Number of protein chains: 2
Amino acid sequence: MTITTWNQQIVKKKNKEIVLRTIISNAPISRADIAQHSGLNKATVSSLVNELIEEEFIYESGPGESSGGRRPVMLLFNKKAGYSIGLDIGVNYILGIVTDLEGNVVYEQHQSIHNLSFDEMIHLTIEMIKNLIEHTPQSRYGVIGIGIGVPGIVDKNGKVLLAPNLKWSHVDLPDILHREFDYPIIIENEANAGAYGEIRFGAGVNCNNVIYVSAGIGIGVGIILKGELYKGINGYSGESGHMTIVVDGEKCRCGNSGCWEAYASEHALLNQAKHILPGATLEELIEIAEENKNVKEIFNEIGSYLGIGISNLIKTFNPQQIIIGNRLAKAKHLIEQPTIKSINKHTLDFHQKDLQINFSKLSIYSAALGVSAFAIENFLSIGKD
Amino acid sequence: MTITTWNQQIVKKKNKEIVLRTIISNAPISRADIAQHSGLNKATVSSLVNELIEEEFIYESGPGESSGGRRPVMLLFNKKAGYSIGLDIGVNYILGIVTDLEGNVVYEQHQSIHNLSFDEMIHLTIEMIKNLIEHTPQSRYGVIGIGIGVPGIVDKNGKVLLAPNLKWSHVDLPDILHREFDYPIIIENEANAGAYGEIRFGAGVNCNNVIYVSAGIGIGVGIILKGELYKGINGYSGESGHMTIVVDGEKCRCGNSGCWEAYASEHALLNQAKHILPGATLEELIEIAEENKNVKEIFNEIGSYLGIGISNLIKTFNPQQIIIGNRLAKAKHLIEQPTIKSINKHTLDFHQKDLQINFSKLSIYSAALGVSAFAIENFLSIGKD
DNA sequence: CTTTGTTTGTCTACCCAATAAACAAAGTTT
DNA sequence: AAACTTTGTTTATTGGGTAGACAAACAAAG
């Protein structure tokens, strides 16, 4: 096994990437400014910029304001050079989106599902992808990749090892899809995808160490460290929903007892609420909470427990930001205060320094945008010779 | 702020580092083998090797076995090119070591301390470092750095923000020491240092994702991800000893209740044992446990709780290895089985796949070797032009 | 002992990317 | 209009890595 060595080609590729990323995050920008900003030589920038224009990753948008000399030629990222496809497979829905290279949704398809067999599920997924591809605008690079988020444990090769809520186990999704589609395919856990979506396009833009708490039926955690998704040795990280917060506490679906998600998930909420309002959904409970003290108190309690688990994560990671997402984020106005209160109570001042607690900004799109972003990222760093 | 750009000098530096590291971990090795192993061109390797010889980082040890042609010239790492100093400051001891560049201890000094004032403590530390420097063998690069491990929270600049057991707060140790010594100085939390010591020289050699659980008076955690120490946004990561495992449980010294270390540390152990044997130390209890069922049961329980917290970390990190170190590791024979049993009970098969649970191999030297290794690492990547 | 083939390590010519400096073009300021 | 500024390109140079030729050193076969 050989290590990655360094040579001029790598240098060029890295510098080209620096130039491109500088344009993406500072557009419109001139060649001179890129040189200033990146520290690269003017001539180097000029040459790389011209290659990027040739490849249609960027384009000249015309002259900008003069600052006392020749007017600069402003450069823009060509977000329409290609399009990415993202799917979020949930328990009772599939959401599919087509985005440009900046993560703007140009087409979307929502599909409710109920009690589908595995084969029907796969068939529906494939049909959906076909439809998304059909609705992808023409462009230089076309569809640059397909990302799929699933609520379960995904290994390093994209195999879905266990998705209890979908009743999937050992599903080789990349293999199944590669038989139909000849595009790069990325499968990712829903919490990981959501985390990435938020740091790229949502509440966590410009944050490098972020813990995304996906509070839905269960609780999953997406971990972004040093700007990169951390996945663990086999890809099974972020199962913090099953960390013990009460030894010998409530029974959890995983077989253990006292798990965080037995106290702070949608499942826990519905479980509490069924004594008051049997069969009510999260959305219904949120509405009722406005007038019903007892229901409001349940949200209070859920928020408080949510804060306890988050505090555990804060003490372990000392992150820059916590983002609370997925379905419980809909109840932001009900759980934000008790959650923050709980975090304040359970962490030291040290850990609260420089710490932001936010809710998801992308609502239902977090995961789909996240996997779409993975495909884009993959394309921009690999695809660019 | 300019980004790090890429040029030929960087390429050379990186490749030189590849060559050096290949030699360090594969010595004795020939130039041809390095080329084979690294993927670099023979000529490139030859040139870089000759520079490294010039700089005395490596040397030729004579001809090796022929494999059917000209006999190769074998290369060895010159571990005596410089020496590193490591200190482990504990509550009632200071341990100082001098190591060569491979982490072999060439001189050591143990010092017991009791109820020293802050000034006395600093004075003693400085005197010890002076003594260690005096006992450092002559070499090309001399003392290449000083690393110090402390039982407390250390920020990114090496300032000790809080070390409750030492009664330190806001101690600018780097500043104090730089007035005395003109060497690179690295201050690190004891758990982080121990973690690094173990992955470099101990139980975690060749492991990239390791959680080191420092179980002493309290519990600290050192997190190694992708081969690097993870420190969080401000350097306060790994305070997992204070994660809640029993909501509204035992009071902890931090002010909260139900913290892991209130159930699984030396402090918790002594607390339990004082009802049976008031005033007994950990070492005494370990001896007594051989014959005393009640004491043995306390170790059992501590191990069980230790396993619960470790399980929480496993679910979050999906690490390759857990290393249990610090004082409680002395009771390995008493707590290993209950700990492993507890981990088996509280984690899923997925997380146990490819997972090793080990105890510290470096015993009392973990932290001192760790900080020493930090200094060496710093020297080898920066010091080498 | 000779011949043949292999392995090792160096040397040379060459390639390629970044850089500095010179330069032209297109502005602004005095 | 003249002088200065800024932008972006062109030129020559520097300094790395690489391929391939090469000699030295050795093993194996005859």
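Note that the structure is predicted; figures quoted are calculated from it, not measured. Below, chain A is the first sequence line, B the second, and so on; all start at residue 1.
Every stem involving DNA chain D, taken as at least 3 paired positions in a row under the Watson-Crick or G-U wobble test at 3.5 Å, is listed here: C:1-30 with D:1-30.
With rounding to whole Å, B:Ile18 atom CD1 is found 14 Å from D:dG16 atom C1'. If you take NZ of A:Lys42 and P of D:dT5, they are 14 Å apart, rounded to a whole angstrom. Summarising the geometry, the separation between CD on A:Gln9 and P on D:dA19 is reported as 10 Å, rounded to the nearest angstrom. Protein atom CD of A:Glu65 is 20 Å distant from nucleotide atom P of D:dT5, rounded to whole Å. Taking atom CD1 of residue B:Ile29 and atom P of nucleotide C:dG9, one finds them 10 Å apart after rounding to whole Å. We find that CD1 of A:Ile10 is positioned 16 Å from C1' of C:dA18, with the value rounded to whole Å. When rounded to the nearest whole Å, the span between CD of A:Gln36 and P of D:dT5 equals 16 Å. Remark: P of D:dG17 and NZ of B:Lys14 are 14 Å apart, rounded to the nearest angstrom.
Of all nucleotides listed (D:dG20, C:dA17, D:dG16), C:dA17 comes nearest to the side chain of A:Val11. Each of D:dT6, D:dG8, D:dG17 was ranked by its minimum atom distance to the side chain of A:Ala32; first place goes to D:dG8. If you check D:dG16, C:dC11, C:dG9 against the side chain of B:Lys12, the one that comes closest is D:dG16. Which of D:dG15, C:dG9, D:dG8 sits closest to the side chain of B:Arg31 comes down to C:dG9. Proximity note for B:Ser66 (side chain, C-beta onward) versus D:dA27, C:dG9, D:dG8: the nearest is D:dA27.
Taking 4.0 Å as the cut-off between side-chain N and carboxylate O, B:Glu54 and B:Arg140 do not count as a salt-bridged pair.
Note on ring orientation: taking the six-membered ring where Trp is involved, the planes of A:His135 and A:Tyr107 are parallel (angle under 30°, cut-offs 30° and 60°).
Residue contacts for B:Ser47: at a heavy-atom cut-off of 4.0 Å it reaches no nucleic acid atom on any strand shown. Residue contacts for B:Val45: at a heavy-atom cut-off of 4.0 Å it reaches no nucleic acid atom on any strand shown.
A:Asn318 places a side-chain N or O within donor-acceptor distance of the main-chain N or O of B:Gly235, the cut-off being under 3.5 Å.
Aromatic ring centres of A:Phe57 and A:Tyr141 lie closer together than 6.0 Å.
For B:Asp175, the side chain to side chain donor-acceptor pair (under 3.5 Å) partners two or more places apart in sequence, or in a different chain, are B:Arg179.
Between B:Asp33 and A:Thr44, it is B:Asp33 whose nearest contact on DNA chain C lies nearer the 5' terminus. Nearest-nucleotide positions on DNA chain D place A:Ser67 closer to the 5' end than the other of A:Ser67 and B:Arg71. Comparing A:Gly69 and A:Ser30 by the nucleotide of DNA chain D whose heavy atom lies nearest to each, the residue mapping closer to the 5' end is A:Gly69.
Contact annotation: B:Asn15 side-chain N/O to D:dG16 OP1/OP2 distance is not under 4.0 Å. A:Asn41 has a side-chain polar atom (N or O) that falls below the 4.0 Å cut-off from OP1 or OP2 of C:dA20.
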Donor-acceptor list for residues 67-80 of chain B side chains, cut-off 3.5 Å, not counting sequence neighbours:
residue : atom : partner : partner atom : Å
B:Arg71 : NE   : B:Gly64 : O            : 3.1
B:Asn78 : OD1  : B:Lys80 : N            : 3.1
B:Asn78 : ND2  : B:Glu56 : O            : 2.7

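Side chains of A:Asn234 and B:Asp354: a donor on one and an acceptor on the other come within 3.5 Å. Between the side chains of A:Thr22 and A:Ser38, no donor-acceptor pair is found at a separation under 3.5 Å.
Side-chain N/O atoms of A:Gln8 and base N/O atoms of D:dG15 include a donor-acceptor pair closer than 3.5 Å. With hydrogens and angles ignored, a donor-acceptor pair under 3.5 angstrom links the side chain of A:Arg70 to the base of D:dT7.
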